[in-house]
Amino acid sequence: MDTYVPILALGLIAAAFAIFSVVIGSLTGPKRYNRAKLDSYECGIEPTPQPVGGGRFPVKYYLTAMLFIVFDIEIVFLYPWAVAFDALGWFGLAEMVLFVLTVLVAYAYVWRRGGLDWD
Amino acid sequence: MTNWFLGSFDTHIPWWFILVVIKAVAAFAILVVLTLFNIWYERRVVSFMQMRIGPNRVGPQGLLQSLADGVKLALKEDIVPTNADKPVFWIAPLLSAIPAFLAIAVIPWGPAVSIFGHWTTLQLVDLPVGVLYVLAISSIGIYGIVLAGWSSGSTYPLLGALRSSAQMISYEVAMGLSFAGVFLYAGTMSPSGIVNAQQHGWYFYMLPLSAIIYIIAMVGETNRAPFDLPEAEGELVGGFHTEYSSLKFALFFLAEYINLVTVSALAVTMFFGGWRAPVPISLWSGANSGWYPMLWFMIKLLIFVFVFIWLRGTLPRLRYDQFMAFGWKVLIPVSVLWLLVVALFRQLRNAGDLDRAHAVPIGIGIAAVFLLLVVALEVRERNQIRRTPPPTVPDYEPLAGGFPVPPMPGQSAPAVPRRPQFARTAAAPAPALNGTTAEEASTR
Amino acid sequence: MNPDSYLYLSAILFSLGALGVLIRRDAIVVFMCIELMLNAANLAFVTFSRMHGRLDGQIFAFFTMVVAAAEVVVGLAIIITVFRTRRSASVDDANLLKY
Amino acid sequence: MPSILAASTAAASNTAPFTAPHVEWGKLSPMLIVLGAATMGVLVEAFAPRAARYRLQVGLTLLALAAAFAAVIALHDTPTSVAAAGAVAVDKTTLFFQGTILAISFIAVLVIAERRTEGGQDAFAAQGGSVPGSQQEREAVRAGWLTTEVYPLVLFSIGGMLLFPAANDLLTMFVALEVLSLPLYLVCGLARHRRLLSQEAALKYFLLGAFSSAFFLYGAALLYGYAGSVQLSNSDPHNPGIAQAVAAHAHGPALLYTGIALLGMGLLFKVGAAPFHMWTPDVYEGAPTPITGFMSAATKIAAFGALVRVLDVGLAGSVDVWRPVIEIVAILTMVVGGILALTQRNVKRMLAYSAILNAGYIIMALVSTGHDALASLLFFLPTYGIALVGSFAVVTLVRDAGGVEATDLSRWAGLGKSAPIPATLMSIFLLAFAGIPFTSIFVGKFAVFQAALAAGAPQLVIVAVLASAVAAFFYLRVIVVMFFSDPMPDGPTIANPSIAVKTALAVSALVTVAMGVAPAALLHLSNAAAVLAR
Amino acid sequence: MSAFPYLSTTIGTPLLGVAAIAVLPKERAALARPIALLASLVALGFAIADAVAFKTGGPRFQLSESYAWIPTFHVNYSVAVDGVALVLILMTAVLVPVVILASWHDADARGGALTPQGSPAESKRSVRGLFAQLLALETLMLGVFAATDIFLFYVIFEATLIPAYFLIGSYGGARRSYAAVKFLLYNLLGGLLMLAAVIGLYVASTHSPVGAAFSFQTLSKAVGDGSLTMAGSTEKWLFLGFFIAFAVKAPMWPFHTWLPDAASEATPGTAVLLVGVLDKIGTFGMLRFCLELFPHASHYFTPLVLVLAVISTIYGALLAIGQTDMMRLIAYTSVSHFGLITIGVFALTARGEVGATLYMVNHGLSTGALFLLAGFMISRRGSKSIDAFGGVQKVAPLLAGTFLAVGLSSLALPGLSSFVSEFLVLVGAFEKYPVAAIFGTTAIVLAALYILWWYQRTMTGPVASSVEGFKDLNRRELAVIGPLVALIVVLGFVPSILTNFINPAVSQIPAHVQITQQAPHSVAQDSATQGNGSGQ
C-alpha cells in the first residue's frame, strides 16, 4: 500500500489547490444579478427550453462508445501479452494473431456497414 | 544530521515520508509553474509565427502575464447558469483538474539522486504498471469534461462535451495500441523500466510508427489544434466550458495545459529516452547521472510543447468527420497491424531466425507495404467520393418552408425577379432522414 | 492488509448492485447496477486470487471485464433502441408484456 | 499491495518459464467450426453484396452446423478426456449435448431462414436500429432489406451453447454463457412485426439475463474462494479442482454454500426454472417466433448440460446440500408453470409456461447424480427440444391479415378444418408435451420419473404427475379450439411454407412420434452417453 | 411362443385398414367405409382363429409373442392371452364391425345422428377420419387386452384416449368438446397416477431379486412366490395408483361423472365402443393387475372397493331411473352394471371372478345393442329425449321387439346372456361378502324399473305425433343389431362357450390373493400407518 502514499499526497495537494480555487473564485468575484446573464448561452438569442443534459444525443456517440469499449478490451489483452511476449514465444504470437484477426473481422464489418462514417 | 529546515520536524517522521512530501510538492509546483510558463510560451511563439509580438508587458518579456490573467480571472464573477445542475457543475472542474495533476506522478524526471543525503529517484512513485496508471487517471479527466458539458444545461457545452469524449476515447485506442509495441520491447509497463530499456536505443527509431501514432494521438487526446474540435470557437463557442467563468474556467484551462505536459512527458519517456541524454552528450559519461538528466528531460519536454504550439500556429482545424475517420480508419488499423509486425520481428529475433542483415530489408519491405496500404485506402476513399454522383439538387425554391432562403450549392437563384411560386412551396421534398442515399446504402 | 476487508467490500457492492437492480426503474441505472455486481465479483476474484496465491482469479477478472464490455455493447444497443422508440428508458414504461 | 498485473507479469516472465499449453484442436472442432463460420458470417455481412447475403448466410450456417455435427460424429469414440488445458471436457455427455444442440439448431435454422411465409421477407426487422413506425423503417422495408446478421448471431449463440455443457471450469462456462446469451438478447429484439413488443422483450431478457449472469459470476468467485480453483474437477493433486476441494472439505462451508446458491441461481435462470422464470413468457412472446423456437429448445439443452456438469462433476460431493433445493425448485417450477399456463390465452405464452413446466420435469432428473438420472435427462432433452422447435414452427404459419402472427388462442378456432395439416402437426406436438404414449416425451417423462423415483424422490413424481394432468388441460384446450370449434369468418390464413420449413416440421413430427414408438436406439445412445469426465 | 403370430396379426389388421384409408385420395373418401368394414371383419376372423388356436386345457397364457422393444427399461412388446383376455378380444372384434356398420352415415354432410338440425357451420366431417379412428381404436383395444407387458399395457391404455377423444370431440353432439375434454382429463389423470404406480412397480422390481422387469407373468409369479415383496405402504400406494386409473375407466362412483356426458354427446357407435369396450379395460385391469400384482393391498382395500362398488350399483340405477335423455340413461345403467362387475371382481371367489368376466362380455353386447337401438331411434326422431317418443311399437314393431329383447337382457332376464353373469357375480359375492351381495341385488329390481319404464314410455301407448311415419329397421340396421341379439340369446343359453375359456384363467386368482395374504408380510403391520386407507 505504501506505493500509493506519494500519489495520495500529490492528490491531496492538488485537491486542496483545486477546491481552494473553486471556493475562492466564488467568493472574490463580484455578484451582480442579471437574468440574461444566468441564461444558457446561445449566441445571444433566447435559449431553447430543454431538459438538463439536452435530451437525446445523436446515436453516433453511443456507437463510438461501444466501439471504444471493444478496442479498449482488446488493449487489455494486448498489454500483458506484450509484457510477457518474450516468454510466450511463437504460441503467444499465434494466439494473438488469431485474437486480433477476430477483432479485425468485427472492425471490418463495422467499417463496411458505415459504423465509422460520421455524417 | 541536523538541518535548519528539517530540525523543526518531529524526528519520528520517517525519511521516506519527508521525501515523498518534498517530491509531491515539487511535482505540483513544477506543474503549476510549467502551466504558467507554457501559456506564455504558447502566446509568444504563436505571436512570433504570426509576426506579432505577444504579451510583453507584465514582467520581463511578459513572463508574468499568465499569473496576471489568473488573478484577473479570480476577480471575475463566478456565474452559475440557472439551467445548470449545480452540484455537478461545481464538481466537474475538480474532476478535470485533480487527475491532471495526478497523472504526472509516475513520470521519471531523472535517475536516483541524493536529497539531503538520501538516495531517491526523481520520480514520485515507480509503479510497475505506471503507464496503465497514466491512462487510467487521464481517462477520469474525461468525466470532468463530459460532466461539465452536461451539467451546464446548454446546447453548446453539451455538444462540445460529447465531441470531446468521443474524440478522446477514439484517440485513446490508437494511443493505447502504440504503447503495446513499447511494452513488447521493454518487457515492462513501468516508466522507469522503459527508460532503462532505452539505454541502447530510443524507441522512436526502433518503433517509428508507434511513435508517430502516439504523437498524433496525443494531440487528439489533449483537444489541441488541429484537433481542437470540442472547443471549436467558430462552431461551439468554446465547447464544454462555455458556461464556465472565473476560477472554475481557470481550472479547465490549467488541466488542459497540465495534460499537455503529461502527454509530452509520456512521449519523452516512452519514445525519446526519458531523462537520457541525446546522442552527442551521452558520450560524456556523467551525462546520465546526478541532476543533469532532469535537464535533458526538461529540454525534450519543452521541445514537445513547442511542437504543440507549432501545430497550432500552422495547421487549420479538421472537420469533425475527417477527424473521426482519421482516427478510426487510419490510426487504429495501422497501429494494430504495426503491432503484429513488430511482434513478428521480435519473435523472429528471439527465435534466432533473423539477424540484423535481414532485418533492414524486411523492415523496409513491410514499411513499403504499409505505406502502399495506407495510400491505397486513401485513394480508394477518394475514388469513392469522386464516383459518387453529386446529389441531385432540388429546384431552388425561394420560399421553401415559408421563409425566404438563399440558393443552396448547385442551385441558382432565378435570374430575373418574377412572381413568387406560392403554389409549390407546400410540396417541399423531405430530406432522407438517415442521411444516406439509396445508392450509397446499397453498397453497405 | 487483511483480505477479508476486500471481501466484505465486494459483498456490499454486490448487494448494493442487486438491490439497485430490484428497486431502480431506469433501464440504464439498472444496467449500471448490474455492472456494479460484475465488478464486485471481480474484486472478490482478485482478493481470492491473492489469498490463494494463484493467478487464475486474476485471469477470471480479465475475462469478466471482457464480458462486461460485451454486455455493455449489447445492452446499450438494446436500451437505446427501446429508448428511441418509447422516448423513455424506464422499465415500468415497458409494459406491453405485462402478464 | 503490489499491483495485479505486476504479479502476473513477474510470474510469467521471471519465475516460472512459460510452457505453451497444448490445445487439442481436433477435440474442439465442433465449436471451432461453428464459431469460425460465425466469424465468416460477419465477413459476409461486411463484404458480400446485399442481394447475395441471404443465400450465403443461410448456406454457410447450415453447412457449418452439418460440418460440426459430422465432427461430433467423428469424435464419438474418443476416450473421455479434458482438452485445452483442462478447460473443456470432451466426454460422451458433452458430445451428446453438442450433437443434440447441432441437430436441433439445424432444424431451427431452417425455420429461421423461412422467407415464403412473409412474401420474400423473413421474420426479422428490415433494419434493427430503426424506430418502429418511422420513415426510416418504411424505407428499409420498401427497399426489401433483410437483417441477415441474424445468422452469424445465431451461429455465435450456438457456439456458446456447444461450449456451455462442455466447460470444465467456471471461467469457460461463464464465457460460454455470455457467448450464448448476448446474441440471443439481440435477435430477440428483431421481430419484423410488433417491433415494440419485441424490443421490450429484448430489454427484459437482457436486463434479467445480465442480472442472473452476475449471480453466476459471484457464485463462481465464491467457489473459487472456497476451492482455490475454478476447475470443476482436476485429478492433479497439486492443482485440485472444486470437486476435490469439496471432497476434502477445503474451507468453511459458508463460501461453498453461498457459492452453490448463487451459481445455481444463474444457471437455473437460463433453464427458466421458478422462481427465476419471470422472463420466459415475455421473451417467448416478444421474440420472433422462429427464434423463440430455437432458443427455447437449444438454450435449455445447453443450460441443462452446464447444470449437469456443475452439479454432477463439481459439486457431487455436496449433493446433500443442494439436493433439497433442487427438489424444491423442481416442485415450484412444475407448479408455477402448470398453474400459470392455465390462464394463458396466447399460444406463445402458453408454450412458454409449458416450457417452464417441462423444465421442472427435467430438473427432477438432477436430484440424483447417478448414471440413470443423467441418461434420462439426456433422452428427455432432445426429444423435448425437437417438439418445441416444431410447435413454434407451426405458430409461425398462422397469420392474420398483414402477416402478423395470430397467436391469440381464439384466432386458432377451427384450424383443424381450414388447415388440417398444421393443426394435426400441432396436435402431435401438444399431445407429446402432454405426455401421451407413443410420443417421444412420454418415454422421456417415463425415464425421468423413473430416475427420480429410483433416487428416492416420490414426492417429486407425485407433483409431476399432477402437473401433467393440469398441463393436459391447457394443451387440450388448443386442440379443442383447433378441432372442435368452427372457423371464424375472418380467421387467420395459413402460410404455405417453403420446402425447408415443411421438412423441419415433418422431421420434428416424425422424430416425436418415432421416438415414442421405437425409442430403444436413442435410449441406448443416451445411456451410453451418460459418462462424465470427472 | 407360437409359430404363427396370431395376436399380432389380429391386432395389426385394423392398422392395415387405417393405412389403406390414409392413402385414399380425397375424392374417393367414401371408400373408407367398406375398407373399414372389411378390415374389422378380417380382424374378427383372426380373433375367432385365436380362439380356435387357444387350447382350453393348456397353460394360462397362450399364443404369446415377445420382442424386445425398449431394452433399456426391459420393456418388451409381449402379447399373450388368457381366457379373460381372449373373450374380451372376441367381444371387441364382434362389436367393432357392428359399430362401423352403425356409424355408416355418421360423418355425412348433414351431420351425425345427434344433430339433425344440421346447423350450417356443422358442415363437413371427415369420413376418412371417422373410420380410420374407429379402426385405430380397435387396434388399441385389441392390443390392450393382449398386452402382458405392463409398460405396453399402460402405453396402449393411455393411447386409446386419443382416438376416443377425437371421436367424441369431432363427431359428437352439440356439447361434444366439453364432453371430450372431460373424458380425456379424467382418464388422463387416472392414467398418470397409474404411470407413477407403474414406475414405482418397476423400481420395486429393480430392487428385488427378480430384477428390473415389466413382464406381467414374471412379476405376478414373483409376487406369488414371495420373491418380489414391497413394503406395505409402497404396495398400497401402487395399488391405489392402478386402482384409481381403472376406477376412472370403469366408471365407478365417484369417478364416473365423465361417462354420462361422453356417452350422451358421442355418436351411438362411439358410445358403444366407449362403454362396451374401453370401460372394460378398467374392470379387466382390476381383475388382472390389481389383484395379482398387489394381493395384500387388494385384500386390504377390498372393503373400501366393495362399498364404492355397491354405491355405484345403486346410485347408477337410481340416476338411470331419473333420466330423460336416453343416452344418459344407458350411461347410468352402465355405471350400475360396472358396480356389479367390480363386486364380482373383488368378491375374491372363483364364481365371482367368472361372473365378472362373463358380465364384461355380456354387458358389452347388451349395452352396445341398447346404444345402437337408441341411436336408431334418435336418428329418426332427432331427439334424445324419452318424452319425444311414444307408441313406437305400433309403427316400428321390429325396432320395438329388438329393443325389448335387448332391454330384458340388460335387466338380466333368465335365458338372456346377462342373467348368467349377474347370477354368478351375486352368488360369488354372497359367499364372502353377503352384505355387498344383498345390496347388489337391489340393483336388479331397479334395473327392471328403468328398463321397463323406458320401454313403456317410448314404445307403448298412443302413437306420438312426432313418431308417425317412423320407418322400421332397414337392412343395414338389421345387419347391425341382428348378430348382437343372436349372441345375447345364444350366450344366455350356452354360457359355457365362454366360461370354458374363463374358468381356468381366473380360478387361481382368489387363491393367489388368499395365499399371499398369509405371507409373513402381514397387512396388519402397516394398518396403523395406513389407517385412513379403508375409509369406513
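Each chain gets a letter, A, B and so on, in the order the sequences are listed, and its residues count up from 1.
A side-chain donor-acceptor contact under 3.5 Å links D:R477 to the backbone of D:L342. Here the side chain of E:W258 pairs no donor or acceptor atom with the backbone of E:K249 at under 3.5 angstrom.
Heavy atoms closer than 4.5 Å to chain D are found in the side chain of E:L188, but not in its backbone. Neither the backbone nor the side chain of E:Y77 comes within contact range of chain D; no heavy atoms are under 4.5 Å apart. Using a 4.5 Å cut-off between heavy atoms, E:F157 does not touch chain D at all. Of the atoms belonging to E:L140, it is side-chain heavy atoms, and not backbone ones, that fall under 4.5 Å from chain D. The contact between D:I436 and chain E is made entirely by side chain atoms (from C-beta outward), counting heavy-atom distances below 4.5 Å. When heavy atoms are compared at a cutoff of 4.5 Å, E:L193 approaches chain D by way of both its backbone and its side chain.
Your options are E:V181, E:I162, E:V198, and the one with the most heavy-atom pairs under 4.5 Å with chain D is E:I162. Per-residue heavy-atom pair counts under 4.5 Å with chain E were compared for D:G414, D:A520, D:A521, and the maximum is reached by D:A520. Chosen from E:I70, E:V155, E:V75, the residue pairing most often with chain D at heavy-atom distances under 4.5 Å is E:V155. Counting heavy-atom pairs under 4.5 Å between each of E:A159, E:P71, E:G169 and chain D puts E:G169 at the top. The candidate from E:A180, E:A196, E:S170, E:G191 with the greatest count of non-hydrogen atom pairs under 4.5 Å with chain D is E:S170.
When all heavy atoms of E:R175 and E:E265 are compared, the pair lying nearest together is N-OE1, 3.0 Å.
Of the inter-residue distances, the one linking E:L240 atom CG with E:F294 atom CZ reads 10.0 Å to the nearest 0.5 angstrom. With rounding to the nearest 0.5 Å, the separation of CH2 in E:W69 from CG in D:L523 is 10.5 Å. For the atom pair D:L532 CG and D:T93 OG1, the distance stands at 4.0 Å (nearest 0.5 Å). Atom CG of D:D408 and atom CD of D:Q344 lie 11.0 Å apart (nearest 0.5 Å).
Chain D is approached within less than 4.5 Å, heavy atom to heavy atom, by E:G200, E:Y202, E:V203, E:F214 from residues 200-215 of chain E, ordered by number. Contact residues of residues 447-470 of chain D toward chain E are D:A447, D:F449, D:Q450, D:L453, D:A454, D:V461, D:V465, D:L466, D:S468, D:A469 (heavy-atom distance under 4.5 Å).
In this pair, E:F242 and E:F246 present their aromatic rings tilted. The plane angle is within the 30 to 60° band.
A ring-centre distance under 6.0 Å is found for D:F433 and D:Y384. Centroid-to-centroid, the aromatic rings of E:Y186 and E:F255 stay 6.0 Å apart or farther. Checked against a 6.0 Å centroid threshold, the rings of E:Y165 and E:F183 do not count as neighbours.
Looking at D:T424 and D:S427, their side chains never bring a donor and an acceptor atom within 3.5 Å of each other. If you check the side chains of D:Y361 and D:T333, you find no donor sitting under 3.5 Å from an acceptor. Using a 3.5 Å distance cut-off with no hydrogens or angles, the side chains of D:S354 and D:Y475 do pair a donor with an acceptor.
Checking D:F438, D:F446, D:F442 one by one against E:Y154, the ring-ring contact (aromatic ring centres under 6.0 Å, His included) holds for a single residue, D:F442.
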